[in-house]
Amino acid sequence: MNWRSDALLPVPSSATGRTRLLSANWKMNHNHLEAIATVERLYRVLRPEQFRYAELSIHPPFVDLRSLQLLFESDRMPFVLGAQNCHQEEGGAFTGEVSAPMLAKLGVGYVIVGHSERRRLYGESVELVAAKAAAVVRSGMTPIVCVGETLQERESDATAAVIVAQLEAVVASIPADSLSKLVVAYEPVWAIGSGQPASPEDAAKAASIIRETVVIRGGDRAANQVRVQYGGSVNAMNASAFMAAPGIDGLLVGTASLDPEGYAQLIKDA
Ligand code: 13P
């Protein structure tokens, strides 16, 4: 297969005009050898129609990026390389960190920012997440901004307020003419890794709150072009229901993306 041939380019949804995006967030799993083996197996079982259905981004740990970049290039695999995080500054004395320009140089297309694990375990604030999203845009990549409420916030009816607060800061940090490129992942904290997904109706409601937030600064065009993913206990059984939810353009998949044959099935079923 030639990865540059039009036959393998994702075709936008005829209903929305937006290109679907299925993203595999491996979190801290798969060393570089496992990453290569996983992608080779995934590629072997996917068909050209899966690459036409959606962009397929893979977000391995940083140490795997160079290996996967070389693999995608040498074997002409039409996956998009993704990262899970970056630092907000371009360089300097920040021991242990990785900057957005470094990721761009590796051919990364999408960078997840504000994942709830980073907000919760590493204390990333709304402002810090906004600064990271802006850094990703400055380097010519696309941020996948994660938003979502905790169980406690959901039970106190604060879901909409949380989504708006998390997203407003990001929207304000990005040039208005870049807003249409943004990807926002609705990942309710209680649904992540719990085996208890939100409902497609919850996801659709979140998508409309997200677009209402974008429209204020970006106008109708940006709000229509922003892509919204759902994430949190997505599996091969529920993927298609989320993809069919109004306003949902893709999925951000954790656990179910680690096993290549299982993930290929999820993509086929989506
Ligand atoms: P799970 O798919 O394991 O619930 O994880 C979701 C997630 O956090 C993706 O970013």
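Note that ligands are numbered from 1 as they come in the structure, with each ligand's atoms numbered from 1 the same way. No hydrogens, no waters, no symmetry mates; every other heavy atom, side chains included, goes into these values.
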Apply salt bridge (Lys or Arg N to Asp or Glu O under 4.0 Å) to the pair Asp64 and Lys27, showing each step before the final yes or no. CA-CA 12 Å; Asp64 302 351; Lys27 307 190 181 181; over 6 Å; no
Common cluster, Leu68/Leu56, ILVMFWY with side-chain heavy-atom separation under 4.5 Å: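 Yes; tracing contacts between hydrophobic side chains, which count when under 4.5 Å, links both residues.
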Applying the 4.5 Å side-chain criterion to the ILVMFWY set and letting contacts propagate, would Tyr230 and Val226 be lumped into a single cluster?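 Linked within one cluster.
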Atoms in ligand 1 flagged as close to [X], the criterion being non-hydrogen separation under 4.0 Å:
| X | answer |
| --- | --- |
| Gly254 | 1 (P), 2 (O), 3 (O), 5 (O), 6 (C), 9 (C) |
| Asn25 | 9 (C), 10 (O) |
| Leu252 | 9 (C), 10 (O) |
| Gly193 | 1 (P), 3 (O), 4 (O) |
| Thr255 | 1 (P), 2 (O), 3 (O) |
| Gly232 | 4 (O), 6 (C) |
| Glu187 | 6 (C), 7 (C), 8 (O), 9 (C), 10 (O) |
| His115 | 7 (C), 8 (O), 9 (C), 10 (O) |

For Lys132, the option from Glu127, Glu124, Gln88, His87 that meets side-chain hydrogen bond (donor to acceptor under 3.5 Å, both in side chains):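 The single option meeting the side-chain hydrogen bond (donor to acceptor under 3.5 Å, both in side chains) with Lys132 is Glu124.
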Under the salt bridge (Lys or Arg N to Asp or Glu O under 4.0 Å) test, residues paired with Lys205 that sit two or more places apart: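 Testing Lys205 for salt bridge (Lys or Arg N to Asp or Glu O under 4.0 Å), a comparison that skips the adjacent residues, returns none.
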With a cutoff of 4.0 Å, is Ser233 in contact with ligand 1, counting heavy atoms of the residue only?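 The answer is yes: ligand 1 sits under 4.0 Å from a heavy atom of Ser233.
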Check ion pair Arg20-Glu55 (N to O, under 4.0 angstrom):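 Salt bridge between Arg20 and Glu55, a charged N being under 4.0 Å from a carboxylate O: no.
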Taking Arg154 first and then Asp202, would you say they form a salt bridge - that is, a charged N and a carboxylate O separated by under 4.0 Å?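 Salt bridge: yes.
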Contact partition for Ile192 relative to ligand 1, non-hydrogen atoms under 4.0 Å: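 For Ile192, the contact with ligand 1 is made by both the backbone and the side chain.
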To check your reading of the model: name the closest protein heavy atom to atom 5 (O) of ligand 1, its residue, and the distance in Å.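 Checked against all protein heavy atoms, atom 5 (O) of ligand 1 sits closest to Lys27 NZ, 3.3 Å.
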Considering non-hydrogen atoms only, spot the tightest contact between Ala24 and Ser257 and give its length.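 Scanning both residues completely, I find the closest heavy atoms to be CB-CB, 3.5 Å.
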